[in-house]
Amino acid sequence: MNGFGDREKAFENKFARDEEMQFKLTARRNRLVGEWAAEKMGLTAEETDSYAKAVVQADFEEAGDEDVIRKLMGDLTSAGVDIDDAGIRTALTDKMVEARRQFIEEAE
């Protein structure tokens, strides 16, 4: 393969790895924010695990975070938790930082 073809293939491989990593980070973040929300709703350990999985699954409804935000907002509001959109977005940001930290620690 020529130099250009090699570079193109390397770029494609890097892109695929980066996309896979972003997917894993987002799924981990969603699980963490699901656990956070479950704690706020006073769920049991079993319910927390199930709920965190449901939050991860909710992210497959549409691109972006709005599907997860809608789920969290609806569930937290139904459970009587006083939270607003900004509070959920802050939790998503905080949990993404935590997810990245966990991946870095696992790689060491």
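Just so it is clear, the structure is predicted and the values come from calculations on it, not from any experiment. Basis for what follows: all heavy atoms, side chains included, without hydrogens, waters or symmetry-related copies.
Between Asp59 and Gly64, the shortest heavy-atom distance links the atoms OD1-O, 3.2 Å. Of all non-hydrogen atoms in Gly34 and Val55, the two that sit nearest each other are CA-CG2, 3.8 Å. Ala38 approaches Thr48 most closely through the heavy-atom pair CB-OG1, 3.5 Å.
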Glu46 vs Asp49, side chain to side chain contact (heavy atoms under 4.5 Å, CB included): CA-CA, chis, key distance, verdict = CA-CA 5 Å; Glu46 285 181 1; Asp49 186 56; 5.9 Å; no

request  = Show your reasoning for whether side chain to side chain contact (heavy atoms under 4.5 Å, CB included) applies to Glu62 and Arg70.
outcome  = CA-CA 11 Å; Glu62 64 186 53; Arg70 269 194 311 275; 2.9 Å; yes

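Residues Lys40 and Asp82 are not paired through a salt bridge, judged by the lack of any N-O separation under 4.0 Å between the basic side chain and the carboxylate. Taking a cutoff of 4.0 Å between a charged side-chain nitrogen and a carboxylate oxygen, Glu66 and Arg89 qualify as a salt bridge. For Glu20 and Lys24, the salt-bridge test passes: some basic side-chain N is under 4.0 Å from an acidic carboxylate O. A salt bridge is absent between Lys71 and Asp67: the closest approach of a Lys/Arg side-chain nitrogen to an acidic carboxylate oxygen does not fall below 4.0 angstrom.
Taking CG of Asp84 as the start and OG1 of Thr77 as the end, the distance is 9.5 Å to the nearest 0.5 Å. Atom CD1 of Ile88 sits about 11.5 Å away from atom CG of Asp65, to the nearest 0.5 Å. Note: Gln57 CD to Arg31 CZ = 12.5 Å, rounded to the nearest 0.5 Å. In this structure, CZ in Phe60 is found 8.5 Å from CG in Asn30, a value given to the nearest 0.5 Å. We find the CE-CD distance between Met41 and Glu39 to be 11.0 Å, quoted to the nearest 0.5 Å. Atom CG of residue Asp6 and atom NZ of residue Lys9 lie 10.5 Å apart, to the nearest 0.5 angstrom.
Leu76 and Met73 fall within the same hydrophobic cluster, defined by Ile, Leu, Val, Met, Phe, Trp and Tyr side-chain heavy atoms under 4.5 Å apart, directly or through other members. Using a 4.5 Å cut-off between side-chain heavy atoms of Ile, Leu, Val, Met, Phe, Trp and Tyr, with links allowed through other members, Phe103 and Leu32 fall into different hydrophobic clusters. Hydrophobic clustering, with ILVMFWY side chains joined whenever heavy atoms are under 4.5 angstrom apart, groups Tyr51 together with Val68. When hydrophobic clusters are built by joining Ile, Leu, Val, Met, Phe, Trp and Tyr residues whose side-chain heavy atoms come closer than 4.5 Å, directly or via intermediates, Leu92 is not grouped with Val56.
Counting non-hydrogen atoms of neighbouring residues, nucleotides and ligands closer than 6.0 angstrom, the CZ atom of Phe23 reaches no more than 12 such neighbours.
With no hydrogens or angles considered, no side-chain donor-acceptor pair links Glu47 and Ser50 at under 3.5 Å.
With Arg28 as reference, Glu106 is the one residue of Glu106, Glu98, Glu35 to meet the salt bridge (Lys or Arg N to Asp or Glu O under 4.0 Å) rule.
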